[in-house]
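Just so you know, these numbers come straight off a predicted model, no measurement behind them.
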Amino acid sequence: MLNLVIPVALAMMTVAMALNLWRVVRGPDLPDRIIGLDTLYVNTIALLVLFGIGESNAVYFEAALLIAMMGFVGTVALCKYLLRGDVIE
Amino acid sequence: MLLEIVISLFILIGAAFALIGSIGLARLPDFYMRLHGPTKATTLGVGGLVIASFLYFSHGWEDVSLHEILVTLFLFITAPISASLASKAALHLKLRSLAPAPETIAKQEDAADPAGERQG
Amino acid sequence: MIMTRFLPQPWLSLMLFLLWLLLVNSVAPGHLVLGAILALLLPLFTQRFWPDRPAVQRPLVALRLLGVVLLDIVLANLTVARQVLGPVKRLHPRFVRVPLDLTHEFPITILASIISLTPGTVSVDVTPDRKALLVHGLSVDDEPALVADIKARYEAPLMEVFRC
């Protein structure tokens, strides 16, 4: 059952990430691109967790955790830049 | 066998919500509306997958695997903050919106900052 | 006295301890000790960075609020999923101003986060005097009802939890 479900879910995540990428490229404004990137990293976490289940390997989880932290910092830094024109105040 | 079905169900629910969130991001017409897709659907999407992972790895070994909770917790704390900051940036840039524009909001502190001029 | 000197924030310490155990995913004695040391030292070192905040007065009400919010998140997702996949023309996006009875920064932050995670609403900004939240609704048909709902469902329990 699982080896049937996981490829399907992987395909769904791939489509989701392709849509995010489309939004990042398309814009039309900078905040749109930022939330595009934001969603892209959240979906990357989902993809890694899924991949971890598929490979029966818990190591992927650590990577997901790291991406969660780095992605959030990145989003905040980009928004700060738009708000203030500067990241570090 | 039953556990496997439950895990599969959670995986499908998670992936479906992640996909719906991304569809919302791609197809809704203005920025503030697009914001709704990712902040909700995607967090629940990751939530579903994380529950599946928790069930899977707890089943595989004797002890339970609880560190999956961390990612969910972290996302539930950070998602509203990213959303709020992004929409603040959008208000600051005066993005086009289908909703009637809000009345005056916090602008004093930005106005005092000469570096915070408009981008894009 | 000693309690406040060495454990300025007992809840934060408990959180850190549990987070450490979750992070290493084990309850070996060594990790219990290391987690306890971290939970004691980190609040002491970061004390000056923390804004003062009201203590949780009613943990049970907080737990019930957590339950309500989790349930709402699941229901919210079904609603938003339907709205996202349905025809876009039927949506009525609106900015809604939610007047606040909460006065302290920390509960307001929690309220804003809850609003962002629940049905069709994202909190956009708080006015400089902290008297109102600016909320964007994906499809708002009845503005006063939405405001009343937010205030009754999330703000009232928060007021009770923090007694302010």
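Looking only at distances, no side-chain donor or acceptor of C:Arg94 sits under 3.5 Å from a matching main-chain atom of C:Gly137.
Heavy-atom distances place no part of C:Leu21 under 4.5 Å from chain B, backbone and side chain included. Contacts of B:Ile81 with chain C are absent, with no heavy-atom separation under 4.5 Å from either backbone or side chain.
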Candidate pair C:Val126 and C:Leu134, rule side chain to side chain contact (heavy atoms under 4.5 Å, CB included), full reasoning:
CA-CA 6 Å; C:Val126 59; C:Leu134 187 68; over 6 Å; no

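Note on C:Ser123, C:Ala81, C:Ser116: by heavy-atom pairs under 4.5 Å with chain B, the leading option is C:Ser116. With chain B as the partner, the residue from C:Ile110, C:Val84, C:Asn77, C:Thr109 showing the most heavy-atom pairs under 4.5 Å is C:Asn77.
Classified by interplanar angle (parallel below 30°, tilted 30° to 60°, perpendicular above 60°), the ring pair C:Trp20/C:His31 is tilted.
Between C:His136 and C:Thr121 there is no side-chain heavy-atom pair separated by less than 4.5 Å.
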